[in-house]
Amino acid sequence: MLAEGGKRVLTGVSPTVRNAASDLIAKFESLGIEPVGAAIGRTGMVGRMGAGLEQRMAAAPIMQKQAEKVVVQLDDALRGIASKMGQVRTPNEAGAAVKASVEAAEKRVRDGFSKQYDDVFDEIGADTLVTEMPSVSTVLQPYLRQIAELPADAQPTGQLLALVKKYDSLSKFAETGNMTFLELRDLRTQLRLIRSKKTSGTQGDYDFAVDDIYKAITDDLSAAANSVRPDLGGKLKAIDTERAIFADTAQKTFDKIRKYDADNQAYEYIMTSAKGTGPEGIKALQRLRGNFTPEEWGDVAGSALYNLGREKAGEQVGDVAEFSVATFMRNLSQIKKNGPEGMEALFGGTQFAEVSQDLMNLVDVVGALKELKRYTNFSNTAGAFDQIIFWGSLAEAGERVIAGESGVAVALVAGSVLAPVSAAKLMTNPGFIKWLATPATEISKDVAAHMGRLAALSAAEPEIQEELRQYYKAIRSYTGYTDPVNEGPAQ
């Protein structure tokens, strides 16, 4: 028979809390990570007790051993998820791959534009005659008037004068009916090359003139295309507009990455952009992803995800792995703080649908572990609870202590103190943690069966048989559980 107060201890105050613990355990196990008791019950007494046990000299090695094991498992889980996205690389390797992908992407874009232009030009006809260049003539008029008004000794010289005179002559040549569409197209190509070679950030008269004439020839090409067929000018204009947008957006991102000397700088640019703190912010990621192949972006995402958890000096748990809970959560929070766009740009979309649930589980697991001292810099506040260390993870007693109702808690757990080593061994045993997190609805249905599972656990795991016997004895002393069929494990 089980006293009502004891039953409340076994089932806990809130079914929601116990169900959440059970769900969290399932997430640990889905990733191949050993459930950590103090993380599962971090909002109640177990979390406090975990911190307290780490202060106990006898229990600390047990807790540390589990921490090192779990960190390795976290590293393996993270690599497993990242590897499903793409090839996992170091920051230097990932940066080199980004730079190579930029070159490949730019070539694809340029080849694509060339193909679109060739298709339209074939419809127009290379030998189609251009009988006028009205837009070019209009652009040149201010320059020509200024030249005509100046005295002979004040005439402009150099590049600007040569440019204006050249295109004035070409415009007049077109009026004779001897210029072909291909020749006009080649003139625009020459001007585009001049524009691309400009390295100064300032604009002079010559630069303005080049830009103006380039745009005027673009308009004259569309007019010539329409003279062949009314829809061809629109087709040409659409391609011109698309290319101009590319030049003003993705091309600038490509050029910035191309200029980095060190490969890791290209990788850092990706991560800075993901956090929304770079000059282009998240738009840079969106531009890159929009121009990379799924395979190329998969490699970017996989490397970015895996390196989110790369530890920094002084943050490692031991010498067994490079994963750092603190580093992972800090980097993740920096990406998420400006909204969901950064995460979506890096890891979102149907491309990564297969791993999205694993990724969410990992974030929840690491988020639970970040509260623990062994996994990050956790401030231990468990000292005041040393006198009532009791393994009832989500039981009412633990919740009453945290709520400040110490009198009720002490009444519930009087005389049930476990030795630190025993508590640490149970706290690091996955089977026991799962038993503790059994949903209250299941316990209420059949308390005897619930206690029977504890006996079965003792038989299955003899290495904690004595600790389970102590725990069972403590439970029986204040729950009123006296079912003779289940006298408890290891009697």
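All residue numbers in this chain count up from 1 along the given sequence.
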*Any salt bridge (charged side-chain N to carboxylate O under 4.0 Å, His left out) pairs touching residues 336-355, not counting sequence neighbours?*
none
*Please determine if Asp23 and Lys27 form a salt bridge, counting it only when a charged side-chain N lies under 4.0 Å from a carboxylate O.*
no
*Answer whether the closest heavy-atom distance between the side chains of Leu170 and Lys166 falls below 4.5 Å.*
yes
*Separation of Leu140 CG from Tyr167 OH (nearest 0.5 Å)*: 10.0 Å
*List the atom of Asn92, the atom of Asp263, and the distance in Å for their closest heavy-atom pair.*
O-CB, 3.3 Å
*Test item: Asn264 and Tyr269 side chains (from C-beta on) under 4.5 Å apart, heavy atoms*: no
_Test item: Asn361 and Phe28 side chains (from C-beta on) under 4.5 Å apart, heavy atoms_ = no
*Asp211 and Lys215 ion-paired at < 4.0 Å*: no
*Side chains of Phe328 and Leu74: closer than 4.5 Å at any heavy-atom pair?*
no
*Between Asp255 and Lys259, does at least one N-O distance fall below 4.0 Å, as a salt bridge requires?*
no
*Would you call Val366 and Leu332 a side-chain contact if the rule is heavy atoms closer than 4.5 Å?*
no
*Flag this pair as yes if the NZ/CZ of Arg310 is under 6.0 angstrom from the six-membered ring centre of Tyr306 and inside a 45 degree cone about the axis; otherwise no.*
yes
*Starting from the C-alpha separation in whole Å, work towards a yes-or-no answer on salt bridge (charged side-chain N to carboxylate O under 4.0 Å, His left out) for Lys115 and Asp111.*
CA-CA 6 Å; Lys115 175 67 167 57; Asp111 289 348; over 6 Å; no
*Carboxylate-amine/guanidinium proximity below 4.0 Å for Arg195 and Asp207*: no
*Can you run down the salt bridge (charged side-chain N to carboxylate O under 4.0 Å, His left out) pairs that involve residues 217-229, sequence neighbours left out, and say none if there aren't any?*
Glu123-Arg229, Asp219-Lys237, Arg229-Asp231
*Under a 4.5 Å cut-off applied to non-hydrogen side-chain atoms, are Val109 and Arg243 in contact?*
no
_Could you check whether any side-chain N or O of Thr350 sits under 3.5 Å from a backbone N or O of Ala353, counting only pairs where one atom can act as donor and the other as acceptor?_
no
*Taking it one step at a time, do Tyr206 and Leu163 satisfy side chain to side chain contact (heavy atoms under 4.5 Å, CB included)?*
CA-CA 8 Å; Tyr206 176 77; Leu163 182 74; 4.0 Å; yes
_Do Thr272 and Thr277 pair up side chain to side chain, a donor and an acceptor below 3.5 Å, judged on atom types alone?_
no
*Not counting sequence neighbours, which residues clear ring pair (Phe, Tyr, Trp, His ring centres under 6.0 Å) with Phe121? List them please.*
Tyr117, Phe181
*Residue pair Arg110 / Gln251, side-chain heavy-atom distance below 4.5 Å*: yes
*Side chain to side chain, Met179 and Met133, heavy atoms closer than 4.5 Å*: yes
*With a 4.0 Å cut-off, would you call Arg287 and Glu280 a salt bridge?*
yes
_Counting only heavy atoms not in Lys275 (residues, nucleotides, ligands), do more than 12 fall under 6.0 Å from its NZ?_
yes
